[in-house]
Amino acid sequence: MPNRRTFLTQLGLAGGALAVAPALGAEASATPASKLKVLLVNGSPHPEGCTYTALSLVAEELQAAGVDTEIYYLGSGPFHDCIACGACHKKPGACVLRGDCVNELIEKARAAQGFVFGSPVYYGHPSGRLLSVMNRAFYAGQSAFAGKPAAAVASSRRAGSLATLDAIQKHFTISQMPVVSSYYWNEVHGNRAEEVMADAEGVSIMRQLGRNMAQAVRAYSTAEPLPPVERKITNFIR
């Protein structure tokens, strides 16, 4: 039985090797990478801290593959959560709550072919600001995100990253977005940016994620969507 390192090397997953299914590569050449863009959302109140450092590593690999990137900082100000007013049903594509960046994010999302949402870990979950923004943006502007590849990135001191990734990724799966992974969970560790860079495995995970995302946006940007199944909505009593 080979050890774990030998096994991962055989799969092309060790040492930062690019490991993406051949089917993705077959479609990648159909769309020039220069026409593609990935929007990376920094959900930390710190503009250039640990979360930004992780997203920058992903962005470097995307740029090296010829994909345009933008790291979008949400800012450190307060954010409304969704108040379930239903007004965005009357005016789809925009949230009626003003004074923050949610509608700007929706518009930027329309021009992107893929997404990476990054968050620090607070009490074992994503930052409240990121969840508030995602709740409103995905509810009011779901069409700007639907069907496009996305990934979640967590930055933690020690623990809570898996719950953070899960909470972020639920926005993707309800919007029929392919979830892009690396060869391990998309997480880095450290209290400061320089500590993140010292997390050798975390750095390699981010770089692999960037390469996998480049392949994914190429593939899905050229895929013809299938007609949807008629949706049935129920609850547990009817």
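The structure displayed is predicted, hence computed values, not measured ones.
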ask   = Should Asp68 and Lys35 be marked as a salt bridge (charged side-chain N to carboxylate O under 4.0 Å, His left out) after you check the CA-CA gap, both sets of side-chain angles, and the distance that decides it?
value = CA-CA 8 Å; Asp68 291 339; Lys35 295 183 179 180; over 6 Å; no
State, to 0.1 Å, how close [X] and [Y] come at their nearest heavy-atom pair, and which atoms those are.
X      : Y      : value
Gly147 : Pro178 : O-CD, 3.7 Å
His125 : Thr164 : C-OG1, 3.2 Å
Asn212 : Ser181 : ND2-O, 2.9 Å
Ser182 : Ile205 : OG-O, 2.9 Å
Val121 : Ser156 : CG2-CB, 3.5 Å
Met197 : Val203 : O-CG2, 3.8 Å

Are more than 12 heavy atoms, taken from residues, nucleotides or ligands other than [X], located less than 6.0 Å from that residue's [atom1] atom?
X      : atom1 : answer
Leu162 : CG    : yes
Arg157 : CZ    : no
Arg98  : CZ    : yes

Cluster check [X], [Y]: I/L/V/M/F/W/Y, side chain < 4.5 angstrom:
X      : Y      : answer
Ile168 : Val180 : no
Val179 : Phe115 : yes
Tyr220 : Phe117 : no

Taking the side chain as everything from C-beta on, heavy atoms only, tell me whether [X] gets closer than 4.5 Å to [Y].
X      : Y      : result
Val38  : Gln113 : no
Arg110 : Ile106 : yes
Val153 : Met206 : yes

Rounded to the nearest 0.5 Å, what separates atom [atom1] in [X] from atom [atom2] in [Y]?
X      : Y      : atom1 : atom2 : result
Met134 : Phe172 : CE    : CZ    : 4.5 Å
Cys88  : Leu97  : SG    : CG    : 9.5 Å
Ser204 : Leu209 : OG    : CG    : 11.0 Å
Leu105 : Leu39  : CG    : CG    : 6.0 Å
Ser119 : Leu165 : OG    : CG    : 9.0 Å
Tyr122 : Arg129 : OH    : CZ    : 7.5 Å

inquiry  = Please evaluate residues Met213 and Val116 with respect to the criterion side chain to side chain contact (heavy atoms under 4.5 Å, CB included), reporting the C-alpha separation (whole Å), side-chain torsions for both, the decisive distance (0.1 Å), and the verdict.
reply    = CA-CA 9 Å; Met213 178 62 77; Val116 182; 4.0 Å; yes
How about [X] and [Y]: does a side-chain donor come under 3.5 Å of a side-chain acceptor?
X      : Y      : result
His89  : Tyr139 : yes
Tyr184 : Gln208 : no
Gln142 : Ser175 : yes

Under 3.5 Å, side-chain donor or acceptor atoms of residues 47-59 against the rest of the protein: list the pairs with distances, not counting sequence neighbours.
| from | atom 1 | to | atom 2 | distance (Å) |
| --- | --- | --- | --- | --- |
| Thr53 | OG1 | Gly49 | O | 2.8 |
| Ser56 | OG | Tyr52 | O | 2.9 |

Between the main-chain N or O of [Y] and the side-chain N or O of [X], is there a donor-acceptor pair closer than 3.5 Å?
X      : Y      : result
Asn135 : Leu131 : yes
Asp100 : Phe79  : no
Lys148 : Ala109 : yes
Arg136 : His80  : yes
Asp199 : Val188 : no
Asn42  : Tyr72  : no
Arg207 : Glu60  : no
Ser127 : Gly43  : yes
Ser221 : Arg218 : yes

task = Go through the structure and list residues passing ring pair (Phe, Tyr, Trp, His ring centres under 6.0 Å) with His171, not counting sequence neighbours.
result =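 For His171, the residues satisfying ring pair (Phe, Tyr, Trp, His ring centres under 6.0 Å) (neighbours in sequence not counted) are Phe138.
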ask   = Listed by chain and number, what are the salt bridge (Lys or Arg N to Asp or Glu O under 4.0 Å) partners of Asp81, not counting sequence neighbours?
value =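 By the salt bridge (Lys or Arg N to Asp or Glu O under 4.0 Å) rule, Asp81 matches no residue at all.
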